[in-house]
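Heads up: the structure comes next, in structure tokens.
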Amino acid sequence: MATTVSRDVVAELRAAVRDIPDFPTPGILFKDVTPLLASAELFRLALDAMAAPFRESGVTHVVAIEARGFIFGAPIAERLNAGVLPVRKPGKLPAATERIEYALEYGSGSLEIHRDACEPTPPPRVLVVDDVLATGGTAAATCQLVERVGGIVVGVSCLIELGFLHGRGALAGRRVETVLAY
Ligand code: AMP
């Protein structure tokens, strides 16, 4: 008789995220996902968990946020049979761009998207993907960028949520799904 071994996937993923104190600046506890990425099995489980809530959402494009968002965003797009639209730091995208300035947990930043990224008709139904949801500034700015160029934001999917920074507040009214909450 086959035995079913139940696994606590969330606990396994959590154990593969490393805390690095005072990186990149004093006072920040950095969530380092590189041990999780280094495990083929845990990486696959993380991608499955991040994609699952949006399987029936009609996502046509994943917007992946530079840089760690690229690592998760592209394979999630493949799982959802969607395309990838990169959102990058200024000066990296080759064609005409739309830019947004925003505040983040440590400092401030700017992000750009190609102006024609969401031109196809009907408008793309976009899932925004990043590794960590902290204050929500990055994800909120990305949602605004997508909407400015004509996309429809279906939701936001992040592996990690730092609940004490209330990132969901910055994304009020949007669907936000995360796998590991701290
Ligand atoms: P925020 O805009 O504050 O939600 O910050 C989210 C962005 O900054 C994501 O792209 C994360 O990769 C990165 N980030 C912010 N805080 C942390 C943290 N404590 N550990 C790892 N990455 C972080």
Side-chain angles (χ1 to χ4, degrees), residues 10-39 42-43 45-47 49-51 53-54 61-77 84-93 97-114 117 126-148 151 153-182:
V10 169
E12 288 183 50
L13 295 174
R14 191 182 293 271
V17 175
R18 185 164 62 172
D19 285 349
I20 310 287
D22 301 318
F23 183 87
T25 56
I28 299 295
L29 185 63
F30 192 86
K31 294 292 182 190
D32 177 19
V33 297
T34 60
L36 184 153
L37 297 175
S39 160
L42 294 179
F43 185 38
L45 290 168
L47 295 167
M50 291 173 76
F54 295 97
H61 293 78
V62 166
V63 161
I65 305 174
E66 186 173 4
R68 287 183 298 278
F70 290 175
I71 297 173
F72 292 96
I76 288 171
V84 177
L85 302 174
V87 159
R88 299 205 62 180
K89 287 161 189 157
K92 301 283 189 186
L93 289 170
T97 57
E98 186 74 26
R99 180 186 298 192
I100 192 163
E101 318 272 333
Y102 66 102
L104 36 70
E105 192 185 3
Y106 36 85
S108 68
S110 311
L111 288 171
E112 293 184 343
I113 193 168
H114 272 149
V126 167
L127 175 65
V128 172
V129 171
D130 204 357
D131 64 335
V132 174
L133 180 68
T135 65
T138 304
T142 300
C143 291
Q144 283 176 43
L145 258 187
V146 168
E147 287 168 350
R148 262 196 223 163
V153 177
V154 167
V156 175
S157 183
C158 297
L159 178 66
I160 292 168
E161 172 177 2
L162 304 180
F164 54 91
L165 292 173
H166 309 296
R168 283 175 190 265
L171 293 163
R174 301 194 188 276
R175 182 169 178 204
V176 178
E177 300 284 350
T178 60
V179 180
L180 304 175
Y182 290 86

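Numbering of residues begins at 1 and proceeds along the displayed sequence. Remember, it's 1-based here, ligands and their atoms both numbered in the order they're listed.
- Heavy atoms from both the backbone and the side chain of T138 come within less than 4.0 Å of ligand 1.
- Looking at L162 next to ligand 1, no N or O pair under 3.5 Å apart turns up.
- Between L133 atom CG and Y182 atom OH the span is 13.5 Å, to the nearest 0.5 Å.
- Both the backbone and the side chain of T135 come within 4.0 Å of ligand 1, counting heavy atoms alone.
- Listed by atom number, the atoms of ligand 1 under 4.0 Å from R68 heavy atoms are 11 (C), 12 (O), 13 (C), 22 (N).
- Where the criterion is an N or O separation shorter than 3.5 Å, residue side chain and backbone included, L133 fails it with respect to ligand 1.
- The CG atom of L171 lies 9.0 Å from the OG1 atom of T135; values are rounded to the nearest 0.5 Å.
- With ligand atoms numbered from 1 in the order given, ligand 1 contributes 18 (C), 20 (N), 21 (C) to contacts under 4.0 Å with heavy atoms of K31.
- R99 places no side-chain N or O within donor-acceptor distance of the main-chain N or O of L145, the cut-off being under 3.5 Å.
- Interface atoms of ligand 1 facing G136, defined by a heavy-atom separation under 4.0 Å, are 1 (P), 3 (O), 4 (O).
- The closest donor-acceptor contact from the side chain of D22 to the backbone of G27 lies under 3.5 Å.
- Side-chain contact between I28 and F23: absent, with no pair of heavy atoms (C-beta onward) separated by less than 4.5 Å.
- Looking at L47, L45, I160, L13 one by one, the single match for side-chain contact (heavy atoms from CB on, under 4.5 Å) with V179 turns out to be L13.
- The shortest N/O to N/O separation between A134 and ligand 1 falls below 3.5 Å.
- A distance-only check finds a donor-acceptor pair linking the side chain of R168 to the backbone of V176 [under 3.5 Å].
- Here's the thing with Y102: none of its N/O atoms is less than 3.5 angstrom from an N/O atom of ligand 1.
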